[in-house]
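To keep things clear, I will list the structure first and then write my remarks on it.
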Amino acid sequence: MYPILFSIGKIHFYSYGLFAALAFIAGFLVIEKLSRFKHINDKNLIDKYLIIIIFAIVFSRLAYFIVYRNFFPNWYEIFFIWQGGLISYGGMIGALLAILWKFKKNLLQNLDIIAIGFLLGTFFWRIGCTLTGEHLTVASNNWFSIQGHIPVPLIESISGLIGFLIAYYIYKKSKMIAGYMFSFIIIYYGLIRLVIDQWRVDDKIGLLTVGQLSGIILIVLGFIAITRLTIS
């Protein structure tokens with residue numbers, strides 16, 4: 001794998017950092033374009049988006065320490081982000097809290113738009129994860145394995161791109177009840193985690209990995225949201 005894409009002297013350019021930046025940029029461009037398409041004029045969009053990113057990083061880092069590390073004796077290491085350690089569903093919780101805080105006006109429409117941007121961001125972000133080669137996955141000799149392991153981050157990346165293309169097309173071509181697209185994307189991402197996390201080396205709760213359990217929770221929440229929107 002290629003955790004360092006290239007170096008200039010002693011300065012290293014890391015694949016994870018580059019693709020994480022591309023994920024944030026791509027997500028924002030999608031959100032900005034769809035906001036204009038829906039005539040949601042928000043002069044502070046970039047500021048609000050940066051707050052979402054900060055919340056996502058902080059909560060994904062907190063989730064990593066709570067799930068995989070002994071938090072209290074080494075709490076100060078939470079600031080050592082250069083050591084790695086981020087959990088996507090923790091980031092989703094943080095991002096959602098930021099959205100509820102900053103996007104009170106046209107909340108459901110903004111949730112739809114940001115969810116679509118999230119899928120494209122997942123595509124770039126998981127490419128970075130793939131290049132680092134640090135995600136432990138189940139060994140396999142299947143035709144789609146890479147270096148003897150199933151490329152879980154790469155599968156998630158491709159799934160994110162496919163989901164984005166479908167969601168983007170449907171959102172621009174059809175009129176949906178506000179909040180439906182957000183709910184469908186939550187279900188879609190939950191299904192991705194439920195399926196592919198069976199090949200990820202992770203802690204288990206019963207027969208399910210932590211990632212699979214989070215996927216089931218997302219699926220349930222998505223269906224609850226659809227039910228509430230339909231009834232109302």
Side-chain angles (χ1 to χ4, degrees), residues 20 22-63 86-125 156 159-194 213-232:
L22 289 174
F24 293 139
I25 294 171
F28 175 74
L29 292 176
V30 169
I31 292 168
E32 184 183 40
K33 184 172 183 178
L34 290 180
S35 294
R36 283 191 275 108
F37 175 74
K38 287 294 184 178
H39 305 291
I40 303 175
N41 299 317
D42 193 337
K43 297 180 181 179
N44 299 317
L45 182 61
I46 183 64
D47 297 330
K48 293 178 179 179
Y49 186 68
L50 289 174
I51 291 173
I52 292 175
I53 292 174
I54 293 171
F55 269 60
I57 293 174
V58 169
F59 275 79
S60 62
R61 185 70 171 160
L62 279 171
L86 300 173
I87 294 181
S88 59
Y89 48 83
M92 293 177 68
I93 294 172
L96 181 59
L97 291 175
I99 294 168
L100 294 175
W101 175 33
K102 286 296 182 178
F103 289 89
K104 295 178 181 178
K105 186 178 180 180
N106 300 314
L107 175 61
L108 293 179
Q109 284 185 316
N110 280 305
L111 282 172
D112 290 336
I113 292 169
I114 293 170
I116 296 173
F118 162 76
L119 287 177
L120 183 59
T122 298
F123 167 66
F124 288 103
W125 174 36
E156 186 175 342
S159 301
L161 179 60
I162 294 172
F164 164 74
L165 293 174
I166 295 173
Y168 187 86
Y169 177 81
I170 293 175
Y171 192 73
K172 293 202 70 174
K173 295 296 182 179
S174 64
K175 294 183 179 180
M176 301 179 67
I177 297 174
Y180 264 35
M181 181 59 71
F182 171 74
S183 303
F184 285 130
I185 289 175
I186 283 180
I187 294 171
Y188 177 72
Y189 187 72
L191 286 170
I192 292 174
R193 296 304 300 263
L194 180 61
L213 183 61
S214 68
I216 291 175
I217 293 172
L218 288 175
I219 293 169
V220 172
L221 290 176
F223 277 112
I224 291 174
I226 290 173
T227 303
R228 292 288 299 273
L229 290 168
T230 303
I231 293 174
S232 60

| request: Starting from the C-alpha separation in whole Å, work towards a yes-or-no answer on side chain to side chain donor-acceptor pair (under 3.5 Å) for T230 and Y180. | output: CA-CA 9 Å; T230 303; Y180 264 35; 2.5 Å; yes
Close side-chain approach of [X] to [Y], heavy-atom, < 4.5 Å:
X    : Y    : value
L107 : I99  : yes
F118 : V30  : no
D47  : N44  : yes
I187 : L218 : no

| request: Can you establish whether the number of heavy atoms outside F37 located under 6.0 Å from its atom CZ is more than 12? | output: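 More than 12 within 6.0 Å, yes.
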Hey, what do you get for [atom1] ([X]) to [atom2] ([Y]), rounding to the nearest 0.5 Å?
X    : Y    : atom1 : atom2 : value
I93  : F59  : CD1   : CZ    : 8.0 Å
I219 : R193 : CD1   : CZ    : 11.5 Å
I185 : L119 : CD1   : CG    : 4.5 Å
F24  : L50  : CZ    : CG    : 10.0 Å
L221 : L96  : CG    : CG    : 9.5 Å
I186 : L191 : CD1   : CG    : 12.0 Å

| query | Do the side-chain N and O atoms of S174 and Y169 include a donor-acceptor pair separated by under 3.5 angstrom? | reply |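 Note: S174 and Y169 side chains miss the donor-acceptor criterion.
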| Do Y189 and S88 meet the criterion of a side-chain donor-acceptor pair at a distance under 3.5 Å? |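 Per modelled atom types, Y189 and S88 side chains form a pair under 3.5 Å.
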| Considering residues at least two apart in sequence or located in another chain, which fulfil the ring pair (Phe, Tyr, Trp, His ring centres under 6.0 Å) criterion with Y168? | F164
Which pair of non-hydrogen atoms, one from [X] and one from [Y], has the smallest distance, and what is that distance?
X    : Y    : result
I170 : M181 : CG2-CE, 4.1 Å
I31  : G117 : CG1-CA, 4.5 Å
A225 : S183 : CB-OG, 3.3 Å
G163 : Y188 : N-OH, 3.5 Å
F124 : A26  : CE1-CB, 3.6 Å
G90  : A63  : CA-CB, 3.8 Å

Using modelled atom types and a 3.5 Å cut-off, is there a donor and acceptor pairing between side-chain atoms of [X] and backbone atoms of [Y]?
X    : Y    : value
N110 : K105 : yes
D112 : A178 : no
K102 : K48  : no

| Parallel under 30°, tilted from 30 to 60°, perpendicular over 60°: which one fits the rings of F28 and Y49? | tilted
| field | Trace of the side chain to side chain contact (heavy atoms under 4.5 Å, CB included) decision for Q109 with N106 | value | CA-CA 6 Å; Q109 284 185 316; N106 300 314; 3.8 Å; yes
| Can you check side chain to side chain contact (heavy atoms under 4.5 Å, CB included) on F184 and M176, steps first, answer last? | CA-CA 11 Å; F184 285 130; M176 301 179 67; 3.7 Å; yes
| Hey, does the Lys NZ or Arg CZ of K38 hover above the aromatic six-ring of Y171, less than 6.0 Å from the centre and inside 45° of the axis? |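 Yes, a cation-pi geometry.
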| task | Please step through side chain to side chain contact (heavy atoms under 4.5 Å, CB included) for the pair K172 and K33, ending with a clear verdict. | result | CA-CA 11 Å; K172 293 202 70 174; K33 184 172 183 178; 4.1 Å; yes
| So I114 and F182, side chain to side chain contact (heavy atoms under 4.5 Å, CB included) or not? Walk me through it. | CA-CA 8 Å; I114 293 170; F182 171 74; over 6 Å; no
